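Presented below is the structure to which this report refers.
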Protein chains: 2
Amino acid sequence: MNPLLLDRLLQIAELFQKDMARAFDGTGLTPARVHLLWVLQHAGPSTQQALAKLCAVSPRNITGLVDGLESSGHVRRTPHPTDRRAVLVELTPSAVTTMTRMQQEHVELNETLISAIAPEDRDAVERGVTALAEHLAVLVAEAESAT
Amino acid sequence: MNPLLLDRLLQIAELFQKDMARAFDGTGLTPARVHLLWVLQHAGPSTQQALAKLCAVSPRNITGLVDGLESSGHVRRTPHPTDRRAVLVELTPSAVTTMTRMQQEHVELNETLISAIAPEDRDAVERGVTALAEHLAVLVAEAESAT
DNA sequence: TATTGTTATACTCTATAACTATA
DNA sequence: TATAGTTATAGAGTATAACAATA
């Protein structure tokens, strides 16, 4: 008997986690910190409040993550130009370099994955996976609003 | 421009995590503990050493997870019949009920997901996702053996 | 009065190393 | 001597609540 589609997807999710965890193994980075770096690269310099919302995590947690990334030289805290309560968190130049490399590897992995799919199945997979992501997003949003 | 296939898959992985975390929210269960319960349901009564290997986690960690699940009444420690060093961990009857219900919901979610895919795309998605899982498994295995 | 970030406190998951009781 | 599990210790990620400085 063949495994459920759901199990395949869960397996893929687990393998991604393993693969990414090992990718920045030895760099001192962790999944939560890398996620914050990604958010920073996309959003640009941001207040910790903004980062807390984008990461869907408590402000207190952001303090801890930024503390760690500041110690390791990946981000810098600078004063907010107009609001003296707030700080702006931004990537250091070396972190920008790191994130650029990670983005390249990301695109390469994407190409590797596509090449693993039979050419005649690629369009259907693209459509199907998009439909799955949208459907799941609706399910999660419904469950959240029910809370 | 349309998002990369990789980004779609990562999004699905993230939504799964959210969905599952909320599914056993309020039950006192956590992802790591639910994972252990799944392993126990599939493997039956097991020593903690065996569980550590199946979960790919340190024996010490299993001690902590079993402590928590014992407190919450999900598992029981019983003496090993022939090896007085070891204990057997097994699901309590109420946890068996819980896991059976979770398995039903799992199958239902699978059907919901399939219904989100256009019927003419389903076979291709099944093949494509299987190919992706296998390809990723090879990539991860290679990376591990390189370490 | 509301917002930004931090200190205080606590819990879970995770690991390694040392130790105890048994094999 | 090797194995099963626990104690000891440590660090990351997470949360809530109280508090200071500022808006």
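Chain naming here is simple, since letters A, B, ... match the order of the sequence lines and numbering starts at 1 in each. Predicted, not measured: the structure shown is a model, and the values here were computed from it.
- No continuous path of ILVMFWY side-chain contacts below 4.5 Å connects A:L88 to A:V66, so the two sit in separate hydrophobic clusters.
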Output side-chain donor-acceptor pairs under 3.5 Å for residues 5-16 of chain B, partner residues at least two apart or in another chain, one line each.
unit_1	atom_1	unit_2	atom_2	d
B:D7	OD1	A:H106	NE2	2.8
B:R8	NE	A:T130	OG1	3.3

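- We find that CD of B:Q17 is positioned 14 Å from C1' of D:dT14, with the value rounded to whole Å.
- Shown here are the salt bridge (Lys or Arg N to Asp or Glu O under 4.0 Å) partners of B:R60, two or more places apart in sequence or in another chain: there are none.
- Here B:D123 pairs with nothing under the side-chain hydrogen bond (donor to acceptor under 3.5 Å, both in side chains) rule; sequence neighbours left out.
- Residue B:V89 is tested with B:I62, B:V39, B:L40, B:L36 for a side chain to side chain contact (heavy atoms under 4.5 Å, CB included); the sole match is B:L40.
- For A:E70, the salt bridge (Lys or Arg N to Asp or Glu O under 4.0 Å) partners two or more places apart in sequence, or in a different chain, are A:R77.
- Applying the side-chain hydrogen bond (donor to acceptor under 3.5 Å, both in side chains) rule to B:Q103 yields no partners; only residues at least two apart in sequence or on another chain are considered.
- For residues 47-54 of chain B, proximity to DNA chain D is found at B:T47, B:Q48, B:Q49, defined as any non-hydrogen atom under 4.0 angstrom from a strand atom.
- Nearest-nucleotide assignment on DNA chain D puts the 5′-proximal partner with B:L88, out of A:P31 and B:L88.
- The stretch residues 56-69 of chain B comes close to DNA chain C through B:V57, B:S58, B:R60, B:N61, B:L65, each having a heavy atom under 4.0 Å from the strand.
- Contacts of A:D121 classified as side-chain contact (heavy atoms from CB on, under 4.5 Å), with partners at least two apart in sequence or in another chain: A:I117, A:A118, A:V125, B:A124, B:R127.
- Pairs engaging residues 23-44 of chain B under the side-chain hydrogen bond (donor to acceptor under 3.5 Å, both in side chains) rule: none recorded [sequence neighbours left out].
- In this structure, A:H35 places its NE2 atom 17 Å from C1' of D:dA12, rounding to the nearest Å.
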request  = Indicate for each nucleotide in nucleotides 18-23 of chain C, in 5' to 3' sequence, whether protein heavy atoms under 4.0 Å reach the base (B), only the sugar-phosphate (S), or nothing (-).
outcome  = ---BBS

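- Scanning for salt bridge (Lys or Arg N to Asp or Glu O under 4.0 Å) contacts around B:E134 gives an empty result, with sequence neighbours left out.
- With rounding to whole Å, B:H74 atom NE2 is found 14 Å from C:dT12 atom P.
- Between the CZ atom of A:R77 and the P atom of C:dT4 there is a distance of 15 Å, given to the nearest Å.
- Here A:E90 pairs with A:R76 under the salt bridge (Lys or Arg N to Asp or Glu O under 4.0 Å) rule; sequence neighbours left out.
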